[in-house]
Undergrad: 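Below is a structure I'd like to ask you about.
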Amino acid sequence: EQFGKSIASFQASQFKLANMQTNLHASRLMIRQAAMMLEEGHPEATQSSAMAKRFATDNCFDICNTCLQLHGGYGYLKDYPVQRYLRDARVHQILEGTNEIMNVIISRGMLAK
């Protein structure tokens, strides 16, 4: 609550929520498409997977960071799961190949065509 109103009643907060939902949905779609391409043995599955991993982990970190902002100081408390989600999202930008390496894979795939 802020200024006697629910945080969700402010238009700026509503816009943030809408952007977070849109980015989460787009990330899930890219991951599902990459998984489908891998299962089918598609020749561009590696590049699609790299794009999905980079896109999803960057977006999910941004989503968690925005959630932490919306929670204010409470976002850092262990009583709220937001702080753990932020750490988890950050580590996935590093694990299984950093996002910089994903960019190398993506660009090499583009330049090979």
Side-chain angles (χ1 to χ4, degrees):
E1 193 169 298
Q2 193 66 257
F3 306 112
K5 291 183 176 181
S6 164
I7 297 284
S9 69
F10 292 101
Q11 191 176 50
S13 297
Q14 292 169 1
F15 285 1
K16 286 181 182 187
L17 291 171
N19 287 334
M20 291 186 314
Q21 179 65 29
T22 302
N23 289 337
L24 181 61
H25 185 73
S27 295
R28 287 177 174 161
L29 289 173
M30 286 189 76
I31 290 168
R32 288 181 184 134
Q33 180 185 19
M36 184 181 69
M37 289 173 79
L38 275 171
E39 279 186 359
E40 294 173 354
H42 194 282
E44 294 183 8
T46 300
Q47 187 175 5
S48 181
S49 296
M51 287 189 283
K53 192 251 187 211
R54 192 201 59 77
F55 187 83
T57 57
D58 284 349
N59 274 309
C60 288
F61 180 80
D62 291 342
I63 290 166
C64 292
N65 195 44
T66 301
C67 285
L68 190 100
Q69 268 311 113
L70 290 171
H71 278 81
Y74 290 111
Y76 285 102
L77 300 178
K78 289 199 176 197
D79 297 346
Y80 294 85
V82 176
Q83 48 81 29
R84 182 172 46 89
Y85 297 152
L86 184 73
R87 286 195 321 271
D88 290 350
R90 178 63 183 117
V91 78
H92 285 293
Q93 289 178 311
I94 300 166
L95 291 177
E96 300 296 328
T98 66
N99 283 2
E100 289 78 15
I101 296 300
M102 296 303 114
N103 284 334
V104 170
I105 293 168
I106 295 163
S107 64
R108 285 183 181 165
M110 289 174 60
L111 296 171
K113 293 180 183 178

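All residue numbers in this chain count up from 1 along the given sequence.
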Undergrad: So, Asn23 and Asp62: side-chain donor and acceptor under 3.5 Å apart, yes or no?
TA: no
Undergrad: Could you give the distance from OG (Ser49) to CD (Glu44), rounded to the nearest 0.5 Å?
TA: 11.5 Å
Undergrad: Determine the minimum heavy-atom distance between Ser48 and Met37, stating which atoms define it.
TA: OG-SD, 3.3 Å
Undergrad: How far apart are the closest heavy atoms of Ser27 and Ala56, and which atoms are they?
TA: OG-CA, 3.5 Å
Undergrad: For the OG1 atom of Thr46 and the CZ atom of Arg108, what is their distance to the nearest 0.5 Å?
TA: 13.0 Å
Undergrad: Can you give me the closest heavy-atom contact between Asn103 and Arg54, atom names plus distance?
TA: OD1-CD, 2.7 Å
Undergrad: Indicate if Phe61 and Phe55 have the same hydrophobic cluster label, given that clusters are the connected sets of ILVMFWY residues with side-chain heavy-atom separations under 4.5 angstrom.
TA: no
Undergrad: Mind checking whether Met51 and Met110 sit in one hydrophobic cluster, side chains of I, L, V, M, F, W, Y counted as touching below 4.5 Å?
TA: yes
Undergrad: Of the non-hydrogen atoms in Met102 and Glu96, which two are nearest, and what is the gap between them?
TA: CE-O, 3.6 Å
Undergrad: Can you tell me how far apart OG1 (Thr57) and CG (Asp88) are? Round to the nearest 0.5 Å.
TA: 13.0 Å
Undergrad: With a 4.5 Å heavy-atom cut-off, do Met36 and His42 have their side chains touching?
TA: no
Undergrad: Are there more than 12 heavy atoms of other residues, nucleotides or ligands under 6.0 Å from atom CD of Gln14?
TA: yes
Undergrad: In Å and rounded to the nearest 0.5 Å, what is the CD1 to CG distance from Ile63 to Leu68?
TA: 14.0 Å
Undergrad: In Å, rounded to the nearest 0.5 Å, how long is the span from CD of Gln83 to SG of Cys67?
TA: 13.0 Å
Undergrad: Side-chain contact test, heavy atoms from C-beta onward, threshold under 4.5 Å: evaluate it for Leu70 versus Met20 and give yes or no.
TA: yes
Undergrad: Starting from the C-alpha separation in whole Å, work towards a yes-or-no answer on side chain to side chain contact (heavy atoms under 4.5 Å, CB included) for Ile94 and Arg90.
TA: CA-CA 7 Å; Ile94 300 166; Arg90 178 63 183 117; 3.9 Å; yes
Undergrad: Is the number of heavy atoms from other residues, nucleotides or ligands within 6.0 Å of CZ (Arg28) greater than 12?
TA: no
Undergrad: Taking all non-hydrogen atoms of both residues into account, name the closest pair between Leu24 and Cys60 and its distance.
TA: CD1-SG, 4.2 Å
Undergrad: When you look at Lys53 and Asn99, which way does the side chain to side chain contact (heavy atoms under 4.5 Å, CB included) test go after all the steps?
TA: CA-CA 8 Å; Lys53 192 251 187 211; Asn99 283 2; 3.0 Å; yes
Undergrad: Check whether any side-chain heavy atom of Leu29 lies under 4.5 Å from a side-chain heavy atom of His25, and answer yes or no.
TA: yes
